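Encoded as structure tokens, the structure appears first; notes follow it.
Note that the coordinates shown come from a computational prediction; the quantities given were computed from them, not determined experimentally. When reading the values below, keep in mind they use all heavy atoms of this one structure, side chains included, and skip hydrogens, waters and symmetry mates.
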Amino acid sequence: MAAARRIVIENCAIATVDADDTEYASGHVVVAGNRIEALGSGKAPEGLENVVRRIDASGHLVTPGLVNTHHHFYQWITRGLATDHNLFDWLVALYPVWARIDEQMTYAAAQGSLAMMARGGVTTAMDHHYVFPRGSGDLSGSIIRAARETGVRFTLARGSMDRSEKDGGLPPDFAVETLDGALAATEETVRQHHDASFDAMTQVAVAPCSPFSVSTDLLRQGAVLARRLGVRLHTHGSETVEEEKFCHELFGMGPTDYFESTGWLGEDVWMAHCVHMNDSDIAAFARTKTGVAHCPSSNARLAAGIARVPDMLSAGVPVGLGVDGTASNESGELHTELRNALLINRLGAHREAALNARQALRLGTHGGAQVLGRADQIGSLEPGKLADLVLWKLDTLAHASIADPVTALVFGAAAPVTLSLVNGEAVVENGRLLHVDEDAIARSTRDEARRLAEIAAQG
């Protein structure tokens, strides 16, 4: 790192979220190239070479960048619909609309989703895209292009559906792929876009959608495919009581047992939601190190229930946070999920002991990195790790009277982002995105939402 360009951040509170939860009331972070070179209390060392930027971060907290573990970008252009539905009714109402998306719509929606997250401190984003209408263009490529342009680290979970209404599933018949078509397209996406390197900006996971939209063959063969290609696996699991009933009626077992029977438990797997989990389910996830993407706002929006996050953490289950699609979490922001995860879990059995501020921050950073299989690279501030970090401004009216900065970040209003670095490069500065035009994205997403609504109305 001797010849690397350096950025020095000083006079800030630091929450490293390392294994010891090390914190500094006033400290420094030195970034060299795309790595964290050093951090600690007090001023940065004297005599550093090639310092291209020195930041006085008084009144700020530095944390690892937020890691989003579950999302559906395309839903950005169908926000505010079916607002009083449970999951199954919501899906039935929206599948016919989603089945008419095309490449232009998907690109615009990805831009909107990514911009909102990045502006709010997300440095690693993830998209579970599973709707591929025939003749709709290169949807995966358009999503990856939007992430690259925004400047965030990104995992595309290449989804699929092959169980339509005629097979007892929820999606309309024209919204699904064939088994062979889905597997072939998924493999091609992995081979074309997945980067396995330490500092990869784009990775791909294999991600059949859910038990009620995917055949058993697609789940089984998808797991085999992912492990042959050396990539991770993602799906929805145990989200609602209706899903549990569906699994018992169709497969004669609950979702967790069904997933295990198809090869879908393991340290290379993470599932979204996992709301309706009994003790045996949690033990199975802990035993196999299967990860969970906790989506508190979406679960509340769809009245799905409260996931047993404290019990999962106590058992050793890896847990991260997810925005979920913006048709079920219209804000589209992950930093609000820190607060919502803490508050909603306190409504559960553990009450005030459910989560504290630092546990919530860990879910949104290191926990997310674990779930995505990247805890060695991101998710905490440690020398040698990738320079994905956020500088939160906490000296304004919204936070200045809260003495503890981590409490201010989690319990308080959404904090402004003064600087967000991804791979050592600035992506957000003073609350504004640096690589894309927010106003242009707002216009294009509005236009594409209208176009989709018009096409859907025509049937």
Between [X] and [Y], does any side-chain donor sit less than 3.5 Å from a side-chain acceptor?
| X | Y | result |
| --- | --- | --- |
| Q377 | R374 | yes |
| H294 | N345 | yes |
| N329 | S331 | yes |

Exercise for the section: Could you tell me whether a side-chain N or O of R362 sits under 3.5 Å from a main-chain N or O of D18, the two making a donor and an acceptor? Expected result: yes
Please output the side-chain donor-acceptor pairs of residues 262-272 that fall under 3.5 Å, not counting sequence neighbours, one pair per line with the distance.
from, atom 1, to, atom 2, distance (Å)
T262, OG1, Y258, O, 3.3
T262, OG1, F259, O, 3.0
W264, NE1, L219, O, 2.7
D268, OD1, R227, NH2, 3.0
D268, OD2, R227, NE, 2.9
W270, NE1, T69, O, 2.9
W270, NE1, H234, ND1, 3.1

Practice task
Check step by step if salt bridge (Lys or Arg N to Asp or Glu O under 4.0 Å) holds for D199 and R35.
Solution key: CA-CA 9 Å; D199 56 358; R35 305 292 180 95; 5.3 Å; no
Handout entry: Aromatic ring proximity H273/H70, centre distance under 6.0 Å
Key = yes
Can you tell me how far [atom2] of [Y] sits from [atom1] of [X], rounded to the nearest 0.5 angstrom?
| X | Y | atom1 | atom2 | result |
| --- | --- | --- | --- | --- |
| L391 | L61 | CG | CG | 8.5 Å |
| Q75 | L81 | CD | CG | 10.0 Å |
| Q370 | T365 | CD | OG1 | 10.0 Å |
| H85 | L94 | NE2 | CG | 7.5 Å |

Completion exercise
Checking E188, H193, E187 against R191 for side-chain hydrogen bond (donor to acceptor under 3.5 Å, both in side chains), the one that qualifies is E187
Completion exercise
The ring-ring contact (aromatic ring centres under 6.0 Å, His included) partner of W98 among W90, W76, F132 is W90
I'd like to know if [X] pairs up with [Y] as an ion pair, taking the criterion as any Lys NZ or Arg NE/NH1/NH2 lying under 4.0 Å from an Asp or Glu carboxylate oxygen.
| X | Y | answer |
| --- | --- | --- |
| R163 | D217 | no |
| R451 | E448 | yes |
| E382 | K385 | yes |
| E454 | R100 | no |
| D388 | R153 | yes |

4.5 Å side-chain heavy-atom contact, [X] and [Y]:
| X | Y | answer |
| --- | --- | --- |
| T123 | L389 | no |
| V97 | L452 | yes |
| M105 | I455 | yes |
| L363 | L338 | no |
| H335 | L66 | yes |
| T240 | V275 | no |
| S136 | I101 | no |

Problem - Stepwise side-chain hydrogen bond (donor to acceptor under 3.5 Å, both in side chains) test for D195 and S197 - result: CA-CA 6 Å; D195 180 357; S197 64; 2.8 Å; yes
Shortest non-hydrogen contact between [X] and [Y], atoms and distance:
| X | Y | result |
| --- | --- | --- |
| D173 | S164 | OD1-OG, 2.7 Å |
| C209 | V214 | N-CG2, 3.3 Å |
| R346 | N356 | NH2-CA, 4.1 Å |
| R158 | S160 | NH1-CB, 4.0 Å |
| A146 | L114 | C-CD1, 3.5 Å |

Practice task
Quick one: sort the H128 and H72 rings into parallel, tilted or perpendicular, breaks at 30° and 60°.
Solution key: tilted
Exercise for the section: Report the C-alpha distance between E330 and R301 in whole Å, list the side-chain angles of each, state the deciding distance to 0.1 Å, and finish with yes or no for side-chain contact (heavy atoms from CB on, under 4.5 Å). Expected result: CA-CA 9 Å; E330 275 75 2; R301 206 287 208 170; 2.5 Å; yes
Exercise for the section: Give me the one residue out of E244, E239, E260 that meets side chain to side chain contact (heavy atoms under 4.5 Å, CB included) with P255. Expected result: E244
Practice task
Show your reasoning for whether side-chain hydrogen bond (donor to acceptor under 3.5 Å, both in side chains) applies to S213 and S210.
Solution key: CA-CA 5 Å; S213 60; S210 65; 2.7 Å; yes
Practice task
Check whether NZ of the Lys or CZ of the Arg R145 lies under 6.0 Å from the centre of the six-membered ring of Y107 and within 45 degrees of that ring's axis.
Solution key: yes
Fill in the blank from the handout: ring-ring contact (aromatic ring centres under 6.0 Å, His included) filter on F73, not counting sequence neighbours, yields H71, F154
Return all side-chain donor-acceptor pairs below 3.5 angstrom for residues 311-323, not counting sequence neighbours, or 'none' if the list is empty.
from, atom 1, to, atom 2, distance (Å)
D311, OD1, H350, NE2, 2.7
D311, OD2, R308, NE, 2.9
D311, OD2, R308, NH2, 3.2

